[in-house]
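Everything numeric here is computed off the predicted structure, so don't read it as measured data. All chains are named by letter (A, B, ...) in the order of the sequence lines, taking the proteins before the strands, and each is independently numbered beginning at 1.
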Number of protein chains: 2
Amino acid sequence: MVMNRKCILRLSRYKNALKRLKALGFVKVFSGNLADAAGVTSSQVRKDFSLFGITGNRRGGYKVDELVLRIREILGKNEIHKVVIIGIGNIGNALLRYKGFETGGIRIVAGFDIDPSRYQPERPVPILPLDEFRSYVESNEIKIGILAVPDVAAHHVSEIMIAAGIKGILNFAPIQLRGADDVVISNINLEVELENLIYFVNVADKSVPALVTEDD
Amino acid sequence: MVMNRKCILRLSRYKNALKRLKALGFVKVFSGNLADAAGVTSSQVRKDFSLFGITGNRRGGYKVDELVLRIREILGKNEIHKVVIIGIGNIGNALLRYKGFETGGIRIVAGFDIDPSRYQPERPVPILPLDEFRSYVESNEIKIGILAVPDVAAHHVSEIMIAAGIKGILNFAPIQLRGADDVVISNINLEVELENLIYFVNVADKSVPALVTEDD
DNA sequence: CAGCTATTGATATATTTTTCACAATAATTC
DNA sequence: GAATTATTGTGAAAAATATATCAATAGCTG
């Protein structure tokens with residue numbers, strides 16, 4: 001089965017698109033509707049679905065509720081997933097306070113930092129010393145962590161995370177971390193993204209054909 | 001010339017890798033060094049370079065300083081690029097205060113919001129009423145904007161940005177925005193990224209071969 | 001300074017990803 | 001309820017992307 005990261009990313013987008021379509025009153029959708037809402041082709045939608053064995057009705061499309069449930073199941077979103085953050089600076093703090101995950105089965109449960117002035121162990125989402133990271137992760141069976149420390153610390157901290165048993169890291173530090181054998185790492189690099197925009201805005205200025213980019 | 005978004009993203013990463021290699025004392029690099037540092041193959045590095053007419057010396061590799069300068073030139077990073085943010089909530093505020101752009105030629109110059117309690121017009125990086133967005137963008141010739149408003153407002157605000165003359169949008173709202181003809185949009189969707197990690201961590205649990213993902 | 005060696009740059013090959021095309025078929029119409 | 005139509009599901013084709021190969025050659029060695 002040829003099923004890759006991009007395909008999963010699209011699955012998440014389909015789920016989001018479905019949420020919007022549902023809010024608009026859709027009870028069933030056709031691959032074309034979803035394609036429009038998610039910004040892809042209808043072939044792509046059907047192909048993606050076929051990879052995961054998602055089926056609809058010929059001529060009848062897909063029932064929105066069933067489809068959402070099926071996608072959530074594939075994405076493992078029918079359970080709650082606990083997530084921790086290391087590095088409670090600007091970005092880490094913002095993510096710690098970010099609302100809007102919970103509906104989707106993602107719950108940020110704790111933050112960690114080395115700076116004692118940032119500790120807030122009594123809060124509902126506590127900010128704890130980095131020293132306590134490993135025991136917390138182990139006793140709470142955390143698998144996913146967000147890394148939001150300065151670049152110089154990033155590699156070191158990623159090793160701490162992996163040693164503690166974290167299996168998925170969302171990395172905001174501006175260095176490209178590489179996953180170990182059984183650890184998945186997603187890198188989000190704001191500067192790289194902005195550089196990309198700058199590049200394409202510049203070439204557009206030079207009247208090269210317009211460009212639209214997707215994330216992935 | 002087959003030059004796509006991914007290729008530009010890699011160019012940014014090469015630049016970052018070069019910065020690190022330089023700090024390590026490298027004066028010249030071979031495609032293999034860069035490949036290792038950036039997590040790609042050496043063929044990929046040379047292919048990317050050839051697309052932009054970047055040349056080295058056979059047997060002599062590439063001179064780090066020249067290479068960095070050339071890449072910066074291609075990315076348009078030898079000038080300062082002014083960036084604005086709309087939506088000074090958690091994320092927007094964090095980005096407004098984020099250090100580490102300036103070295104790279106990116107400067108966040110102002111934030112905008114509809115909530116008067118957030119206005120701070122006297123700060124070095126002022127937070128201004130959204131009403132003033134258009135005139136500010138026009139008189140300061142801003143081309144790049146970060147969109148960090150709640151999902152329900154995202155589409156509307158993106159139209160305001162485009163109407164004001166913004167040509168590149170970095171979108172943090174959890175809906176997939178689509179670019180107009182001459183507007184480039186990059187979507188960063190935290191929930192989608194986390195869902196992705198969750199998926200791959202889950203399949204890894206089920207002892208499927210290990211997966212490592214790259215951003216893009 | 002002739003021969004050797006490592007590396008680029010370019011072309012060819014392989015792989016991955018997307019789109020196309022259409023048979024199968026479920027809903028709708030008459 | 002037969003004919004028609006719209007939509008899925010999938011295998012084949014095309015396009016895009018990445019890797020491998022190798023001749024050309026710049027630098028190194030003795």
Side-chain angles (χ1 to χ4, degrees), chain A residues 1-14 18 21 26-64 66-67 70-71 74 176 178 196 209 211-216, chain B residues 1-14 18 21 26-64 66-67 70-71 74 176 196 200 209 211-216:
Chain A
M1 177 162 42
V2 189
M3 170 203 63
N4 53 28
R5 179 168 151 82
K6 271 186 169 169
C7 185
I8 310 288
L9 285 169
R10 282 196 300 267
L11 222 50
S12 287
R13 295 216 203 99
Y14 298 153
L18 282 166
L21 290 171
F26 281 66
V27 173
K28 64 180 188 181
V29 291
F30 302 124
S31 57
N33 302 141
L34 246 181
D36 291 345
V40 299
T41 66
S42 61
S43 296
Q44 183 87 82
V45 171
R46 296 199 301 277
K47 177 68 96 181
D48 286 339
F49 284 2
S50 86
L51 291 175
F52 293 101
I54 295 177
T55 61
N57 277 8
R58 283 176 206 259
R59 177 99 202 231
Y62 308 82
K63 289 187 190 158
V64 172
E66 282 178 16
L67 192 48
R70 183 82 187 86
I71 294 178
I74 291 165
Q176 190 84 352
R178 282 199 256 164
N196 214 245
L211 284 150
V212 176
T213 76
E214 305 287 321
D215 65 44
D216 51 10
Chain B
M1 176 163 40
V2 189
M3 172 203 63
N4 52 29
R5 179 167 152 83
K6 272 185 167 170
C7 185
I8 310 287
L9 284 169
R10 281 196 299 269
L11 222 51
S12 286
R13 296 216 201 99
Y14 298 152
L18 282 166
L21 290 171
F26 281 67
V27 173
K28 65 180 186 180
V29 291
F30 302 123
S31 57
N33 303 140
L34 247 181
D36 291 346
V40 298
T41 65
S42 61
S43 293
Q44 182 86 82
V45 172
R46 296 200 300 278
K47 176 56 85 68
D48 286 339
F49 284 3
S50 85
L51 290 175
F52 294 101
I54 295 177
T55 61
N57 277 7
R58 283 175 207 260
R59 175 98 204 229
Y62 308 82
K63 290 186 190 159
V64 173
E66 282 179 16
L67 192 48
R70 184 82 187 86
I71 292 177
I74 291 164
Q176 190 84 354
N196 215 245
F200 284 112
L211 284 151
V212 176
T213 75
E214 304 286 323
D215 66 44
D216 53 9

(message) For a quick test of reading the model: is some side-chain N or O of B:N57 closer than 4.0 Å to OP1 or OP2 of D:dG27?
(response) yes
(request) Determine whether any donor atom in the side chain of B:S43 lies under 3.5 Å from an acceptor atom in the base of D:dA18, or the reverse, and answer yes or no. (result) no
(message) With rounding to the nearest 0.5 angstrom, report the CG to CG distance, B:L67 to B:L34.
(response) 6.0 Å
(request) Return the value, rounded to whole Å, for the distance between atom CG of A:L51 and atom P of C:dT16. (result) 14 Å
(request) Applying side-chain contact (heavy atoms from CB on, under 4.5 Å), name anything that partners B:F26, two or more places apart in sequence or on another chain. (result) B:L21, B:L24, B:V29, B:N33, B:V64
(request) Kindly state each residue pair satisfying salt bridge (charged side-chain N to carboxylate O under 4.0 Å, His left out) with at least one member in residues 29-47 of chain B, sequence neighbours excluded. (result) none
(message) Which residues in residues 27-34 of chain B have a heavy atom closer than 4.0 Å to any atom of DNA chain D?
(response) none
(message) Output the rounded distance in Å from NZ (B:K6) to C1' (C:dT18).
(response) 12 Å
(request) Report the distance from atom CD of B:E66 to atom CG of B:L18, rounding to the nearest 0.5 Å. (result) 12.0 Å
(request) May I ask you to say what B:T41 touches in the nucleic acid, namely base, sugar-phosphate or nothing, with a heavy-atom cut-off under 4.0 Å? (result) sugar-phosphate
(message) Within this structure, what is the CG-CG distance for the pair B:L9 and A:N196, rounded to the nearest 0.5 Å?
(response) 4.0 Å
Give me, pair by pair, the N or O atoms of the protein and of nucleotides 23-25 of chain C that are less than 3.5 Å apart, along with how far apart they are.
residue : atom : partner : partner atom : Å
C:dA24  : N3   : A:R58   : NH1          : 2.7

(request) Please state how far atom NZ in A:K47 lies from atom C1' in D:dA15, giving the value in whole angstrom units. (result) 14 Å
(request) Mind checking A:F49 for me? I need base, sugar-phosphate or nothing, with any heavy atom below 4.0 Å counting as a touch. (result) nothing
(message) My understanding is that only residues two or more places apart in sequence, or in another chain, count here; which of them pass side-chain contact (heavy atoms from CB on, under 4.5 Å) with A:R10?
(response) A:K6, A:C7, A:R13, A:Y14, A:V40, A:Q44, A:D48
(request) Could you say whether A:D48 or B:G56 is positioned toward the 5' end of DNA chain C, judged by the nucleotide with the nearest heavy atom to each? (result) B:G56
(request) Verify the contact: side-chain N or O of B:R46 to OP1 or OP2 of D:dT19, cut-off strictly under 4.0 Å; return yes or no. (result) no
(message) From CD of B:E66 over to P of C:dT8, roughly how many Å is that when rounded to an integer?
(response) 14 Å
(request) Select one nucleotide: of C:dA27, D:dA20, C:dG9, the one nearest the side-chain heavy atoms of B:Y62. (result) C:dG9
(request) Could you tell me the separation between the OH atom of A:Y62 and the CG atom of A:N57, rounded to the nearest 0.5 Å? (result) 9.5 Å
(request) Report which part of the nucleic acid A:S42 touches: base, sugar-phosphate, or nothing (heavy-atom distance under 4.0 Å, all strands). (result) nothing
(request) Could you state the atom-to-atom distance from CD of B:Q44 to P of D:dA16 in whole Å? (result) 16 Å
(request) Search all heavy atoms of A:A35 against all heavy atoms of A:S42 and return the closest pair with its distance. (result) CB-N, 3.5 Å
(request) Answer yes or no: is there a side-chain heavy-atom contact under 4.5 Å between B:I8 and B:F52? (result) yes
(message) In whole Å, I'd like the distance from the CD1 atom of B:I54 to the C1' atom of C:dT8.
(response) 14 Å
